[in-house]
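Reckoned from all heavy atoms, side chains included, excluding hydrogens, waters and symmetry mates.
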Amino acid sequence: AVRPGDLVEATVLEVFDDFVVAGADGWRAVLHLRERSPQEPIAPRPGDRVLAVVVGATPERVTLSQAHAAFIARLLEREVPEIRQGLVRIEAIARSPGDETKVALSSTDPAVEAVGACRGPGGSRARAVTAWAPNELLSFVDWHPEPATFAARAMAPVVIRTVYVDEEAKLLELVIADEDLPRAVGRRGAHIRMAAMLVGWRLDVLTVGRVLEFRADLVRVPGLEPTQVRRLVAHQVRGVAALAETEVETLAEILEIET
């Protein structure tokens, strides 16, 4: 019996308008066409072999997917012996099917470099995975337990200057050079969206220029020291108008002033 998460190979038995029926070893499954790898150029035909991950399994129906993030995870497990041996772990995965997959990795053995293990010699292991997800970009990130550090790695090659952390809102504001803004956001917002999906926090970007504008506005307030100005900006009090609207208790907490 197959279980959710299993990587299975099956033969296409019947083809309908929006799904195919595939089977192997006494079981049958449904693969909806919307769950196929989006860049697959040829529609499946009876007799074709398909590789997919099981995303649902009940006595009545087994459902397959090639578009689910777990499909890439299972392919990596198949291609990378270090994952099967427990030396490399997949900590998080973000996927936009047909466009890009980002995988966060960690190593349980200091002698094993997780990203290199998954790429393989000359990128061979990564290519074996993307052969089943044509034209999809596959990239790897070294995982880190600290969200700010993890986010900075996920945003590479953009250099993150500073990270403002709002734990209550699970928001990370990434300060970058002004000229890096287009790369940080990416085409149609794809780069920062994939990084946020991988990290599991909301991500926003601030340019150095904007941060300096906020500070320049606040330094006009009599009595505010530079370190206090930096703390206010880091806690989303950005400018004199925002300062005036912030409750006294909140300001005291930000500036660490006893009341």
Exercise. Among the clusters formed by ILVMFWY side chains lying less than 4.5 Å apart, do I72 and V54 turn up in the same one?
Worked result: no
For this session: Would you give the length of the straight line joining atom CZ of R36 to atom CZ of F71, rounded to the nearest 0.5 angstrom?
Result: 10.5 Å
Exercise. Counting distance only, does the side-chain N/O of H32 pair as donor-acceptor with the main-chain N or O of R34 below 3.5 Å?
Worked result: no
Problem set entry | Salt-bridge criterion met for R187 and E100 (N-O under 4.0 Å) | no
For this session: Measure the spacing between CG of L105 and CZ of R119 and express it to the nearest 0.5 Å.
Result: 9.5 Å
For this session: Measure across V129 and L75 and return the closest heavy-atom pair with its distance rounded to 0.1 Å.
Result: O-CD1, 3.8 Å
Exercise. Hey, any chance V53 and V103 share a hydrophobic cluster, counting ILVMFWY side chains that come within less than 4.5 Å of each other, even indirectly?
Worked result: yes
Exercise. Do you know which two heavy atoms are closest between E82 and R125, and how far apart they sit?
Worked result: OE1-NH1, 2.9 Å
Problem set entry | Nearest heavy atoms of L203 and A151, plus distance in Å | CD2-CB, 4.1 Å
For this session: Would you check if the side chain of R3 reaches a backbone N or O of A57 as a donor-acceptor pair within less than 3.5 Å?
Result: no
For this session: Inspect the contact between R28 and E14 and indicate whether a charged nitrogen and a carboxylate oxygen are less than 4.0 angstrom apart.
Result: yes
Exercise. Is a side-chain donor or acceptor of D6 paired with a backbone partner of V8 at a separation under 3.5 angstrom?
Worked result: no
Exercise. Taking all atoms of both residues into account, what is the closest heavy-atom pair of A154 and L198, and its distance?
Worked result: CB-CD2, 4.2 Å
Problem set entry | Spacing of I257 atom CD1 and Q228 atom CD [to the nearest 0.5 Å] | 5.5 Å
Exercise. Going through the checks in order, is the side-chain contact (heavy atoms from CB on, under 4.5 Å) test met by D99 and L137?
Worked result: CA-CA 6 Å; D99 295 320; L137 176 65; over 6 Å; no
Problem set entry | Heavy-atom neighbours of Q85 CD exceed 12 at 6.0 Å | yes
For this session: Measure from the side-chain N and O atoms of S107 to the backbone N and O of V112, and report whether any donor-acceptor pair falls under 3.5 Å.
Result: yes
Problem set entry | Cluster overlap L218 with V208, hydrophobic side-chain contacts below 4.5 Å | yes
Problem set entry | More than 12 heavy atoms of other groups within 6.0 Å of R89 CZ | no
Exercise. What is the distance from atom CG of D217 to atom CG of L212, rounded to the nearest 0.5 Å?
Worked result: 12.5 Å
Exercise. Is it true that a side-chain atom of S37 and a backbone atom of W132 form a donor plus acceptor pair closer than 3.5 Å?
Worked result: yes
Exercise. Between the main-chain N or O of A67 and the side-chain N or O of R95, is there a donor-acceptor pair closer than 3.5 Å?
Worked result: yes
Problem set entry | Gap between atom CG of D18 and atom CZ of F16 - 0.5 Å precision | 10.0 Å
Problem set entry | side-chain contact (heavy atoms from CB on, under 4.5 Å) evaluation trace for I90 with C118 | CA-CA 10 Å; I90 298 175; C118 288; 6.0 Å; no
For this session: Measure the spacing between CD1 of I192 and CG of L181 and express it to the nearest 0.5 Å.
Result: 9.0 Å
Exercise. Would the number of heavy atoms belonging to other residues, nucleotides or ligands and lying under 6.0 Å from CD of E167 be above 12?
Worked result: no
For this session: Could you give me the CA-CA distance, side-chain angles and deciding distance for F214 and L232, then say whether side-chain contact (heavy atoms from CB on, under 4.5 Å) is met?
Result: CA-CA 9 Å; F214 296 142; L232 288 168; over 6 Å; no
Exercise. How about E9: does its CD atom have over 12 heavy atoms from other parts shown lying under 6.0 Å from it?
Worked result: yes
Exercise. So, the side chain of R84 versus the backbone of R78: is there a donor-acceptor pair under 3.5 Å, distance only?
Worked result: yes
For this session: State whether the side chain of E35 and the backbone N or O of S65 hold a donor-acceptor pair below 3.5 Å, judged by distance alone.
Result: no
For this session: Give a yes or no on whether a salt bridge exists between E173 and R238, defined as a side-chain N under 4.0 angstrom from a carboxylate O.
Result: yes
